Amino acid sequence: MPTPDFIRDLRASIGHELLYLPGVSAVVFDDQDRVLLGRRADNGRWTIICGIPEPGEQPATAVVREVEEETAVRCVPERIVLVRTLAPVTYPNDDKCQFVDVCFRCRAVGGEARVNDDESLDVGWFPLDALPEMEDFSLSRIKQALEDGPTWFEPIVGE
């Protein structure tokens with residue numbers, strides 16, 4: 001994903017130090033219960049749609065915006081699937097970030113899936129029994145989105 005301007009501005013002050021940032025991700029289903037995936041331009045991997053909220057933007061608004069920006073699909077959030085702090089990541093330029101991901105289960109309500117920006121190489125709908133190879137980040141969120149359980153979060157240790 002391209003670096004938002006507000007993060008570039010922060011980096012001008014703090015250099016490569018660890019930034020703790022919000023993130024959103026979307027498990028989007030269509031009327032045939034296929035899941036929307038994008039193949040990332042930066043690493044070539046298939047994944048659910050993800051992004052960074054703009055300052056002051058609500059997570060649900062951000063996830064709808066990210067899905068449409070990247071795939072041209074319009075969606076509505078149905079529920080929060082999970083909230084999880086991810087492991088820190090160091091990018092090739094030595095920038096360090098750690099994201100708190102809020103993942104939403106969403107329903108497609110319009111638009112035709114297509115590559116809609118420079119963040120994706122490909123976009124498509126996949127039946128659940130024919131998913132491409134993906135990392136656990138996406139697979140675990142798809143699994144959680146299929147269940148009707150409560151929002152998942154890391155259990156509190158020692159309570």
Side-chain angles (χ1 to χ4, degrees), residues 1-4 7 18-53 57-92 95-157:
M1 75 184 79
T3 304
I7 293 175
L18 180 70
L19 273 179
Y20 195 63
L21 295 168
V24 293
S25 58
V27 179
V28 182
F29 293 106
D30 67 3
D31 290 338
Q32 298 171 35
D33 286 328
R34 297 176 300 173
V35 66
L36 179 65
L37 301 175
R39 193 161 63 93
R40 294 176 58 110
D42 61 353
N43 64 17
R45 305 282 315 223
W46 286 99
T47 184
I48 59 175
I49 309 305
C50 323
I52 300 171
E57 185 177 35
Q58 294 298 322
T61 302
V63 82
V64 168
R65 176 184 52 75
E66 288 288 344
V67 169
E68 188 165 9
E69 282 180 0
E70 295 183 25
T71 71
V73 170
R74 291 183 312 279
C75 69
V76 293
E78 294 181 327
R79 69 179 180 91
I80 294 175
V81 171
L82 64 77
V83 177
R84 185 170 199 184
T85 300
L86 306 179
V89 61
T90 300
Y91 292 97
D95 284 352
K96 296 168 190 68
C97 292
Q98 186 169 24
F99 294 94
V100 176
D101 179 42
V102 179
C103 181
F104 291 84
R105 176 189 168 116
C106 299
R107 182 64 53 187
V109 294
E112 294 294 324
R114 63 178 166 83
V115 174
N116 203 36
D117 65 9
D118 60 357
E119 295 182 42
S120 301
L121 299 172
D122 199 1
V123 169
W125 292 104
F126 290 84
L128 294 169
D129 62 357
L131 295 174
E133 183 179 330
M134 289 183 290
E135 294 176 352
D136 186 57
F137 174 90
S138 294
L139 292 172
S140 64
R141 283 154 178 74
I142 292 169
K143 179 183 174 194
Q144 288 294 124
L146 291 168
E147 297 176 5
D148 287 329
T151 301
W152 185 93
F153 54 89
E154 192 76 33
I156 298 170
V157 179

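Computation of the quantities below employed the complete heavy-atom set of this structure, encompassing side-chain atoms and omitting hydrogens, waters and symmetry-equivalent molecules. Computed from a predicted structure; not experimentally measured.
- For Asp31, the CG atom sits in a loose shell: 12 or fewer heavy atoms of surrounding residues, nucleotides or ligands are nearer than 6.0 Å.
- Scanning for side-chain hydrogen bond (donor to acceptor under 3.5 Å, both in side chains) contacts around Asp101 gives Ser25, Arg141, with sequence neighbours left out.
- Of all non-hydrogen atoms in Arg40 and Leu121, the two that sit nearest each other are O-CD1, 3.7 Å.
- Between the OG1 atom of Thr3 and the OH atom of Tyr91 there is a distance of 8.0 Å, given to the nearest 0.5 Å.
- Closest heavy-atom contact between Phe99 and Pro22: CD2-O, 3.8 Å.
- Remark: Thr47 OG1 to Glu70 CD distance equals 9.0 Å, nearest 0.5 Å.
- Proximity of Leu36 to Asp30: side-chain heavy atoms (C-beta onward) are nowhere separated by under 4.5 Å.
- When atom types are taken as modelled, the side chain of Gln98 and the backbone of Leu21 share no donor-acceptor pair closer than 3.5 angstrom.
- Screening residues 74-86 for salt bridge (Lys or Arg N to Asp or Glu O under 4.0 Å) gives Glu78-Arg105, Glu78-Arg107, Arg84-Glu154 as the qualifying pairs, with residues at least two apart or on separate chains.
- Between the Asn116 side chain and the Glu68 main chain, a donor and an acceptor come within less than 3.5 Å of each other.
- Remark: of the listed residues Val64, Val76, Val63, Val63 is the sole one forming a side-chain contact (heavy atoms from CB on, under 4.5 Å) with Cys106.
- Here the CH2-CD1 distance, from Trp152 to Ile80, works out to 14.0 Å after rounding to the nearest 0.5 Å.
- The distance from the SG atom of Cys97 to the CG atom of Leu18 is 7.5 Å, given to the nearest 0.5 Å.
- With a 4.5 Å cut-off on side-chain heavy atoms, Val24 and Pro53 count as touching.
- The local environment of CG in Asp33 is crowded, with over 12 non-hydrogen atoms from other residues, nucleotides or ligands closer than 6.0 Å.
- In this structure, the separation between CG on Asp42 and CD on Glu119 is 8.5 Å, given to the nearest 0.5 Å.
- Shown here is Glu147, whose CD atom has more than 12 heavy atoms of other residues, nucleotides or ligands within 6.0 Å.
- A pairwise comparison of heavy atoms in Gly51 and Glu66 identifies CA-CD, 3.6 Å as the closest pair.
- Each of Val123, Val67, Val73 was compared with Ile49 under the side-chain contact (heavy atoms from CB on, under 4.5 Å) criterion, and only Val67 meets it.
- Side-chain contact between Trp46 and Arg39 is present, with heavy atoms from C-beta onward closer than 4.5 Å.
- No side-chain heavy atom of Thr71 sits less than 4.5 Å from a side-chain heavy atom of Ser120.
- Leu19 contributes atom CG, which lies 7.5 Å from atom CG of Asp95 (distance to the nearest 0.5 angstrom).
- Looking at every heavy atom in both residues, Ala108 comes nearest to Val28 through N-CG1, 4.0 Å.
- Side chains of Leu37 and Leu131 form a contact here, defined as non-hydrogen atoms less than 4.5 Å apart.
- Between the side chain of Ser138 and the backbone N or O of Ile48, at least one donor-acceptor pair lies under 3.5 Å.
- The two residues Phe29 and Leu128 make their nearest non-hydrogen contact at CE2-CD2, 4.1 Å.
- Every residue was checked against the ring pair (Phe, Tyr, Trp, His ring centres under 6.0 Å) condition with Phe137, not counting sequence neighbours, and none meets it.
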